[in-house]
Structure formats: C-alpha cells, structure tokens
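Notes to accompany the following structure.
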There are 2 protein chains.
Amino acid sequence: MALRFTPTDPAATAVTERADAARNRRRVLEAAERLFAERCPTEVTLDEVARVAGVGKGTIYRRFGDRAGLALAVLDAREREIQEQVLRGPPPLGPGAPPDARLRAFLGALAGMVVANLRLMVVAENATAGARYRTQVYAGQRLHVAVLLREGLGADPGLLPDLVLAPLAADLVGHLVEERGVRAEDLTGALDALVDRVLACGPPPSGTMGP
Amino acid sequence: MALRFTPTDPAATAVTERADAARNRRRVLEAAERLFAERCPTEVTLDEVARVAGVGKGTIYRRFGDRAGLALAVLDAREREIQEQVLRGPPPLGPGAPPDARLRAFLGALAGMVVANLRLMVVAENATAGARYRTQVYAGQRLHVAVLLREGLGADPGLLPDLVLAPLAADLVGHLVEERGVRAEDLTGALDALVDRVLACGPPPSGTMGP
DNA sequence: TGACAAAGCGGACTGTAGTCCGTTACGGTG
DNA sequence: CACCGTAACGGACTACAGTCCGCTTTGTCA
C-alpha cells in the first residue's frame, strides 16, 4: 500500500493534516522510536506500538502503510540529516570539494548510518520487498550520486548510481557486519576503492581495500 | 532456523536421508515449483503447498526452515546449472577466457537468471532477511568473482566481490525492471561498464552503459 | 523376523500482520 | 454557535506463518 503522506515531512502535510492526525502521528513515532530502541525491532509487535502510543492499530496502518513504512518513518529524520549536510554542510560532504571526494564522503556517511541503525534498517528495507528503492530518500541519494558521477566521468552514468548504492542494502551490510566480522571502516575502505576505480582511471591504489 | 540439509543436493543427503523423507522432499519441491509458476509466489500459502504435496505443514518447515528456504530450494537447481557452466562449460562463462570476459559473462548469466525468476527470487531473498548471503550458492558466486578479480587486479580484492554482486539483489533488480522500465540488457550493460572500470583502467569505454 | 531407537511426520494450536467498516472528531460554512 | 460533509479512528475480525508434540515409519541389529 502506498503511503498517504511523506512521513514526518511537515511541509508536505501541514496544509491538510488534521489536528488529531498530527497528534497521533507524533505519538506513534515516539512510541515506535522508543520501543525499537529498547528491543530488536523485529520483536516489537505493532499492537504493542499502538498500545503504547494510545491509538488503535488501524491508525498506524492508515498512516504508515505497514511495518516497513513505520520503520522508514522512524529513520526518516536521520536520513534527512545527511541530506541536509550534503546540501548545505561543509565539504567534503557538502558542496565545494571535488566530486570524487564528495562521493567517498557521501558513501561513507551512508555506510555509517546503515551500520549505526542496522536492525531498524533491515526491518525498513526487508519487511516489504523493495521498500528502500521506492522512497524519496533513495531517489535523493541516487540523484546525488548521479550528479557526482556525471561530473567525475564527464558522461551520463546510466545505472551506475544504483550499482554504487547497492552495497549499502541493509541486509548485505548486516551479513557483512554480523556474520563476517567486517567493520564499518572496512566497508568504507572498499567503497572508496570502488569509487577510485570507477572515477579515476589511473593506476590502482594500494592498501585501501578491506581485509 | 538453519537448514538441516543442503536442499536438493543428493550427495549431501544420500548417506542418511530416509526413504520417506526423500519422497516427501520431492513431492514438496514439485508442488512448490508448480504453484509458484502458476501464481505470484507471495500469494501461495504454505498450507496450500502442503495440501498439494500431500504432506503436513510441519514437514515443509522441518525440511526447508521457512518460506524463504523453500523458495531457495526451488531455485537451487537453476543456480547450480550456472555453477556447472562456470566450472565445466565453454568460455567465456567456463574456463579458458580472460578474467574480465569471464566476469562479464558470469554477471550477465546471473542477471539473466534473476530477471527470469524475479518474483521467486524476491521471495527467496526477502522473506527472511539476508537469506541470500547465507547460502552456499552465494558463497560460490563470491568465491568465483573473488578469484577472477584477483587474477584481473593482481591483488587481493577484499570486499569488492560483495560490492560487485550487490546489484544483483532481487529487490533492486525488481525495482529497476518493474518500476523503472530497465531491461535485462541495460543492467548487463551497466555491469559490464562497472567491470571494465574496475578491472581495466584504460580510457572509459563509450556506449556500453544503460539509459 | 521381531523389537527398539530415533528420525520423521502432520495437523492442531498460538500469535501476529494486516483489513474492514461502523463510529467519532474535526473544521469549514451559514 | 450549530450543522454537515468528510477525514480519521479503533478494535473486532480473518487468514496466514511458524511451532509443538504425540504418533508413525524407517532402518538396524541381534
């Protein structure tokens, strides 16, 4: 089911959102945030979120569509923070640095966010197939990577942005971190190496790849 | 839950598998294959598979662990076919071609398989978080890519094999194909371009990237 | 060939996701 | 301020995933 509103984006909802709707949205997000932080998000039932939030279960589904939608909404704020840094923050994440440096910084920031919010990210992306790719957030990430690749390559990057972002899928990162003992910096290093190779076709750098 | 047997691999089970167990395994796989082909796999209930197979629901869970395990088992034969081609088939997929050509051929073959079995692949990878990455099949793919990259780069590829395989995650491919109108050959083209850049650090090729 | 571990079976059972629709609250209008 | 159309609410309801455990089948060993 499609979301009715862009979750937690006041600008998109303020015009029409009713007072009780706004109040309940806040309550649900607060309850979800708290419960997801306390316990593994897969173990939290939506009945429970509804009870803690003091709303009916139907309200959660009406607003967030499903479990993945709720998880995405909780993560939304954290992802918008990176977006904000990208648009208006200091380089190399923000404007001003060369494209390859910005791309490395961006992927590093994303990787850090995924690792820091692993469990919740897995629920958000996995509970509903392809949920990640239908979000505005992903569209924004893709656009940013596309622009940087275009600058760096001097050509239309085609599907490359999707290929470059693919390794940040939560279930892959979860597997790497939890079952293969990869650390966030190993992942970042490997992504840096990939970006180096994709963008700068000089001699292959050494010593920057993970174990 | 971990699988008790490597699904559908007679060599791994023949020694100990009881006659009734083997019979039921075949029945379940046949029923699942038929039902998954007739209808979207997400709409087929396991109760139904059990009924058609003429076994109890518990039997399916005992053997395949969960929905994703059953889907993986159904796909297993098709994935092993590619493995077989890689090990003993003609070049460029099989031995004999240079590493970059083999890598392109391998990723192309995988992409084709994912696209051809999209719905089922999505269930297999998505029903249980990270299911794809825990399989022997993925381990085999990763090893193959690692060997080819090592040959092509002359250095330890580190996490690069995972990064290169990441775009073949079923939910990403599903999104590209079904929501963005990407065709299998566009995806293959983009993967080729990526491999070119990663392996051969010559001038960027033109006209090989997707739209 | 009979008996006995133990592997396997199956379907009743439990809990949760997600739906549905009668009821309630909001806010715009006269 | 009272009315009304409509958006939103909420919890009973359905159906499915996945578990559990008493019963059955199998293969082995004497």
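Per chain, numbering begins at 1; letters A, B, ... match sequence-line order.
Taking 4.0 Å as the cut-off between side-chain N and carboxylate O, A/Glu30 and A/Arg34 do not count as a salt-bridged pair. A salt bridge does not link A/Glu151 with A/Arg102: every distance from a Lys NZ or Arg NE/NH1/NH2 to an Asp or Glu carboxylate oxygen is 4.0 Å or more.
Following rounding to the nearest Å, A/Arg51 (CZ) and D/dG10 (P) show an atom-to-atom distance of 15 Å. Put simply, CD on B/Glu17 is 14 Å from C1' on D/dT25, counting in whole angstrom units. To the nearest angstrom, P of C/dG18 lies 15 Å from CD of B/Glu43. Note: CG (A/Asp47) to P (D/dG11) measures 11 Å, nearest angstrom. Taking atom CZ of residue B/Arg23 and atom C1' of nucleotide D/dG27, one finds them 15 Å apart after rounding to whole Å. Rounded to an integer number of Å, the gap from B/Leu46 CG to C/dA12 P is 17 Å. Atom-to-atom, CD1 of B/Ile60 to C1' of C/dA12 comes out at 16 Å; the value is rounded to the nearest Å. The distance from atom NZ of A/Lys57 to atom P of C/dA17 is 6 Å, rounded to the nearest whole Å.
For the atom pair A/Glu125 CD and A/Asp171 CG, the distance stands at 7.0 Å (nearest 0.5 Å).
Tested against A/Val55, the residues A/Asp20, A/Val28, A/Val49 include a single side-chain contact (heavy atoms from CB on, under 4.5 Å) partner, A/Val28.
Distances shown here put a side-chain N or O of A/Asn24 below 4.0 Å from the OP1 or OP2 atom of D/dC9.
Side-chain to base pairing of A/Arg18 with D/dA8: no donor and acceptor N or O lie closer than 3.5 Å to each other.
Side-chain atoms of B/Asp66 and B/Thr128 include a donor-acceptor pair closer than 3.5 Å.
Nearest to the side-chain atoms of B/Asp20 among the listed nucleotides D/dA8, C/dC9, D/dG11 stands C/dC9. Here C/dA17 is the nucleotide among C/dA17, D/dG10, D/dG27 with the atom lying nearest to any side-chain atom of A/Thr45. Here the side chain of B/Ala19 is nearest to one of D/dT26, C/dC9, D/dG18, namely D/dT26. The B/Val55 side chain lies nearest to C/dG10 when the options are C/dG10, D/dT26, C/dA25. With C/dA17, C/dC9, D/dC9 as the candidates, the nucleotide lying closest to the side chain of A/Arg67 is C/dA17.
Using a 4.0 Å heavy-atom criterion, one finds that A/Thr59 contacts the bases of the nucleic acid, with or without backbone contacts as well.
Both A/Ala22 and B/Val44 lie near DNA chain D, and the one whose nearest nucleotide falls closer to the 5' end is A/Ala22.
For B/Arg104, the salt bridge (charged side-chain N to carboxylate O under 4.0 Å, His left out) partners two or more places apart in sequence, or in a different chain, are B/Asp100, B/Asp196. Residues satisfying the ring-ring contact (aromatic ring centres under 6.0 Å, His included) criterion with B/Tyr133, sequence neighbours excluded, are A/His175, B/Tyr138.
If one axis is set at each end of the helix from C/dT1-D/dA30 to C/dG30-D/dC1 from five pairs, those axes are 0° apart, to 10°.
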